[in-house]
> 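One structure coming up, written as C-alpha cells, with questions to follow.
The sequence lines fix the lettering, A, B, ..., with proteins before strands; numbering per chain opens at 1. These values consider heavy atoms only, across backbone and side chains, with no hydrogens, waters or symmetry-generated copies. Small disclaimer: the values here were computed from a predicted structure and weren't measured.
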Amino acid sequence: MRLYNTMTRTKEEFKPLKDKVVNMYVCGPTVYNYIHIGNARAFIVFDTVRRYLEYKGYTVNYVQNFTDIDDKIINRAKEENTTEKEIAERFIEEYFKDADALGIKRATVHPRATEHIDDIIEFIKILIDKGYAYVVDGNVYFETAKFKDYGKLSHKNIDELMAGARVEIDEKKKNPLDFALWKAQKPGEPAWDSPWGKGRPGWHIECSVMSTKYLGKTLDIHAGGPDLIFPHHENEIAQSEAAYDQPFSKYWMHIGYLNVNNEKMSKSKGNFFTVRELTEKYDPEVLRLFMLMAHYRSPINFSLDLLDQAKSAYERLSNAVVNLKHLVNITKDRELSDEEKDLIVKFDEYKKQFEEAMDDDFNTADAISVLFEMAKTANANLNGNSSKKLVEYILEMFLKLSDVLGLSYKNAETEIEDEEILRLIEERQKARKEKNWKLADEIRDKLKERGIILEDTPEGVRWKRIR
RNA sequence: GGCGACAUAGCCAAGCGGUAAGGCAGGGGUCUGCAAAACCCCGAUUCCCCGGUUCGAAUCCGGGUGUCGCCUCCA
C-alpha cells in the first residue's frame, strides 16, 4: 500500500510504526458554525482512509479534535449574547448530525481543547524550559528561529517567509513568524489560570498536546485540509519535535482544495455551502459520492449542477442494490452453472481491482469505477433464474466494497412493513391482472407521493424508497 | 518575489512508458399496458501547443501558453 506524504512530496510505501496498528490524527473543526462542504471533503476523505485501513485489517486509533475556544467562537458568543461553551456545545452536536448523515464514523476519541488546559500548560512549560518559548506580558510565544527544521513540511524557506512577510505585526513577538502558545486574557474573554497569568491556549498547541496524549509522541498519520499545511501543521511539528526530539508524524496527508462555481470558497463572496443546506435536498451519500469521485489530492469544483450529476450516478449504484435485493428474494438455491462459476471468478477479479486502486494512494475514483462495472455485469447477467447463492455473493461483495467508501444505500431499503402500503401493492397487482390500468396507475401515483416507487418487472413487482 | 498544482470527449473524471477506464448528459434500439429500472449500439485516430528521448509517450525531458492555489484566520 502506498500513500502520498506531503513531507517528502512522494508516494511512499505505507508501514505503520507498530505492525497492525495505525495511530491517526485528523484536525477537526472549530465549532462556531455548521460545517461547510470544504470541511466535509476532508472528513469524508480521511474517514474513507480509515475505513480502508480497517478493511485491510489494521486497528485504527482515530483521533479528531474539536477546537472549542478561539476568536471565532468568542465573536459568535458575543453576537448571540451567550457563552463560548454554549456555542461550542451546540455546534459539536450539529457537527455530529452532519457527520453521521455523511457516514463519517465517530473517532476513537474526540478531544476538546478546553478539556486539556492542564496538559497544554505542562507542554508549554517543557518548551520554555528547553528554550524554545518566551513569555511577554502574560503571552507565551514559540521562537521559530530556534527550531532548525522550521518550514520543512510546507517547504518554505524561513528567510523568504520573513522577507515576504505580510504576517501580522505584533510588537511583542521577537520575530513575525513566532506564534502564540498561550494568549493573555483580554477583557471579557474566557480564561484559565496559568503560571503566566490568566489566558487561553493558542490554536496550534492543542493538536500537539492532544495527539500526543492519545496516540503517542510519533503518529503514523497526521491529516487535514490543505490550508493547514502552513502554518498550522508546520507549527505543530515545531512544537512537538522541539519538546520531544522525535518525529511528530511518519506520514502527512492533505486533501486538495474545493472550489465553488470555479471560485475559491469564501465568506466574503458568499459562495459557500453548508452540509446542512445540501442534505436537506440531497441524499447525504450523494455528497459523499461526489467527493470520492475525484482523487482526494486534486482540486475539485463544486456546483449544484455537478452535484446533480453525482446524484444520477449514485442512483445507478443504489438501483443496482435494489435490483440485487429483489433478486435475492425471488431466486432459488441451487448448484452454480458453469457460467455462474465464471461470474464468481469475474467478481473476485473486480474485488482485486478495487483493492489495487485503493492501495495506490486511495484512488477512490478508480475504485468507484469498479463498482460501476460490477453493477453493469450484475444487471446484465443476473435474473430471476439465477442461483440465489450467486446473487447473494455478489450483493454482499458490492455492499462490502461500498462500505469501504462509506456508501450504505440506506434509501435503497426494500423492506416495507407498513400494512397499508403492502395492501395497496396487492390491490394494484390485482388491478393489473384485470387490466384495470387506471386504478393501477392511481395506486402507483399515490404510493409515489409517499416515497415508494413501484417497478413492474418480468419477475414481479419491485419497489424502493426515495427521498 | 518564493513554492506548488493542474490542462484528457458537451460536462465530470481515471490512467503516469505499451497503444484512451468509469459516470453524467445526448441519439438509436430491445423489453414493457404505460412508467420505471435494465440491457445492446453510437462518441476523443486522440489526451493545451512546439520540440526532444524511445521500437513505442496522454504518460519522461526541454520550451511555450493558459488556469489555479499557498506564502494571512480558514478543511
Side-chain angles (χ1 to χ4, degrees), chain A residues 6 9 11 26-30 35-46 67 70-72 151 154-157 159-168 176-177 203 223-232 234 254-259 262-267 272 289-290 293-295 297-301 303 305-320 322-323 326 353 357 360 363-383 432 435-438 440-441 444-445 448 453-458 461-464:
Chain A
T6 307
R9 287 182 174 169
K11 281 188 201 173
V26 179
C27 289
T30 300
I35 58 167
H36 60 242
I37 51 178
N39 296 308
R41 162 124 102 146
F43 301 146
I44 287 169
V45 163
F46 297 122
T67 299
D70 143 282
D71 288 346
K72 293 190 287 292
S154 51
H155 304 275
K156 292 184 188 309
N157 180 309
D159 299 323
E160 281 159 0
L161 271 175
M162 285 191 279
R166 284 182 297 152
V167 192
E168 70 178 279
L177 288 176
W203 172 37
D227 42 0
L228 298 183
I229 298 171
F230 187 90
H232 185 55
E234 198 68 71
H254 296 92
I255 60 166
Y257 272 94
L258 181 142
N259 295 132
N262 295 308
E263 284 187 318
K264 184 185 170 178
M265 189 169 67
S266 75
K267 303 213 165 144
F272 74 100
L289 183 68
F290 171 84
M293 283 206 296
H295 188 88
R297 283 189 284 112
S298 311
I300 57 173
N301 187 228
S303 70
D305 185 50
L306 261 13
L307 194 60
D308 283 330
Q309 283 193 18
K311 182 184 177 186
S312 298
Y314 177 75
E315 281 166 0
R316 183 166 169 74
L317 258 19
S318 123
N319 281 337
V322 170
N323 297 171
H326 179 242
Q353 285 175 23
D360 184 16
N363 192 335
T364 54
D366 245 0
I368 288 168
S369 79
V370 176
L371 249 30
F372 280 108
E373 292 194 47
M374 289 174 77
K376 170 160 284 186
T377 304
N379 287 332
N381 292 284
L382 303 180
N383 59 48
R432 290 187 69 227
K435 297 202 190 301
N436 184 350
W437 310 126
K438 189 165 174 285
D441 290 352
R444 186 168 61 194
D445 290 345
K448 190 176 179 183
I453 297 284
L454 296 188
E455 296 171 352
D456 301 316
T457 77
V461 64
R462 178 172 68 200
W463 56 74
K464 63 186 177 190

> Which part of the nucleic acid does A/I229 contact within heavy-atom distance under 4.0 Å: base, sugar-phosphate only, or nothing?
nothing
> Is there a side-chain contact between A/N319 and A/K464 in this structure, where contact means two heavy atoms from C-beta onward sitting under 4.5 Å apart?
yes
> Taking all atoms of both residues into account, what is the closest heavy-atom pair of A/T364 and A/A294, and its distance?
OG1-O, 3.7 Å
> Contact class for A/I368 (heavy atom, under 4.0 Å): base, sugar-phosphate, or nothing?
nothing
> Main chain of A/G225, side chain of A/R41: is a donor-acceptor contact present, judged purely on distance under 3.5 Å?
no
> Can you tell me how far C1' of B/rU32 sits from CH2 of A/W437, to the nearest Å?
10 Å
> Rounded to whole angstrom, note down the C1' distance from B/rU46 over to B/rU19.
11 Å
> C1' atom, B/rU59 versus B/rU54: distance in rounded Å?
13 Å
> With a non-hydrogen cut-off below 4.0 angstrom, is A/I453 in contact with a base, only sugar-phosphate, or nothing?
nothing
> Which of these nucleotides, B/rA75, B/rA13, B/rC73, is closest to any side-chain atom of A/A365?
B/rA13
> Could you work out the separation of B/rC55 and B/rC70 based on their C1' atoms and round it to a whole Å?
43 Å
> Would you say that A/R444 contacts A/D456 through its side chain, given a criterion of any heavy-atom pair below 4.5 Å between the two side chains?
yes
> For the residue pair A/I37 and A/M265, establish whether any side-chain heavy-atom pair is separated by less than 4.5 Å.
yes
> Between A/F372 and B/rG22, do the rings stack, that is, sit under 5.5 Å apart with planes less than 30° off each other?
no
> Looking at the side chain of A/N319, which of B/rA38, B/rA75, B/rG33 is the nearest nucleotide?
B/rA38
> Please produce a list of atom pairs where a protein N or O lies less than 3.5 Å from an N or O of nucleotides 15-18 of chain B.
from	atom 1	to	atom 2	distance (Å)
B/rG15	OP1	A/N363	ND2	2.7

> Check the distance between B/rA35's P and A/K464's NZ and give it to me in whole angstrom.
16 Å
> Report the distance from atom NZ of A/K435 to atom C1' of B/rA35, rounded to the nearest whole Å.
16 Å
> Any strand counts, and the cut-off is 3.5 Å on both contacts for Watson-Crick or G-U wobble. Which nucleotide pairs with B/rG22?
B/rC12
> Which part of the nucleic acid, if any, lies within contact of A/R297, taking any heavy atom under 4.0 Å across all strands shown: a base, the sugar-phosphate backbone alone, or nothing?
nothing
> Tell me, yes or no, whether the heavy-atom count around A/K448 atom NZ, taken from other residues, nucleotides or ligands under 6.0 Å, exceeds 12.
no
> For atom C1', what is the distance between B/rA44 and B/rA75, given to the nearest Å?
36 Å
> From C-beta outward on A/D456, which listed nucleotide comes closest to its side chain: B/rC39, B/rC71, B/rG33?
B/rG33
> Atom CE of A/M293 to atom C1' of B/rC11: distance rounded to whole Å?
11 Å
> In whole angstroms, how far is the P atom of B/rC3 from the NZ atom of A/K156?
10 Å
> When all nucleic acid strands are considered with a 4.0 Å heavy-atom cut-off, which category describes A/R444: base, sugar-phosphate, or nothing?
base
> Establish, with yes or no, whether the OP1 or OP2 oxygen of B/rA14 is under 4.0 angstrom from a side-chain nitrogen or oxygen of A/S298.
yes
> Within the structure shown, what part of the strands sits under 4.0 Å from A/G224 by heavy-atom distance: base, sugar-phosphate, or nothing?
sugar-phosphate
> Within the structure, does a side-chain N or O atom of A/K264 lie under 4.0 Å from either OP1 or OP2 of B/rC70?
yes
> Roughly, in whole Å, what's the span from CD in A/E455 to P in B/rA35?
14 Å
> Assign A/K376 to base, sugar-phosphate, or nothing according to its heavy-atom contacts below 4.0 angstrom with the strands shown.
sugar-phosphate
> To the nearest angstrom, how far is A/D308 atom CG from B/rG23 atom C1'?
14 Å
> Checking all strands, does A/D441 fall into the base, sugar-phosphate, or nothing category for heavy-atom contacts under 4.0 angstrom?
base
> A/E234 has an atom CD; how far is it from atom P of B/rU72, in whole Å?
12 Å
> Any side-chain N or O of A/N379 under 4.0 Å from OP1/OP2 of B/rC39?
yes
> Select one nucleotide: of B/rA75, B/rG22, B/rC71, the one nearest the side-chain heavy atoms of A/S369.
B/rG22
> With a non-hydrogen cut-off below 4.0 angstrom, is A/L371 in contact with a base, only sugar-phosphate, or nothing?
nothing
> Which nucleotide, B/rA37, B/rU72, B/rC11, lies nearest any side-chain atom of A/L306?
B/rC11
> Kindly indicate whether the side chain of A/Q309 and the base of B/rG23 share any N or O donor-acceptor pair separated by less than 3.5 Å?
yes
> Judged by atom type as modelled, is there a donor-acceptor pair below 3.5 Å linking the side chain of A/H155 to the main-chain atoms of A/T6?
yes
> Between the side chains of A/H326 and A/N323, does any donor sit under 3.5 Å from an acceptor?
no
> Roughly how many Å apart are B/rG43 and B/rC3, using the P atom of each and rounding to a whole number?
46 Å
> With nearest nucleotide decided by heavy atoms, which residue, A/H155 or A/F290, maps closer to the 5′ end of RNA chain B?
A/H155
> From the list B/rA38, B/rA13, B/rG33, which nucleotide is the closest neighbour of the side chain of A/A294?
B/rA13
> Tell me what A/T457 touches on the nucleic acid: a base, only sugar-phosphate, or nothing, going by heavy atoms under 4.0 Å.
nothing
> Taking only the P atom of each, what is the distance from B/rA21 to B/rC42 in whole angstrom?
13 Å
> Just by modelled atom types, is the A/S154 backbone N or O under 3.5 Å from a matching donor or acceptor in the A/E234 side chain?
yes
> Distance check, C1' atoms only: B/rC49 and B/rA58, in whole angstrom units.
14 Å
> Distance between the C1' atoms of B/rG62 and B/rA25, in whole angstroms?
40 Å
> If the cut-off is 4.0 Å, is A/R9 near the phosphate of B/rA5, judged by side-chain N/O to OP1 or OP2?
no
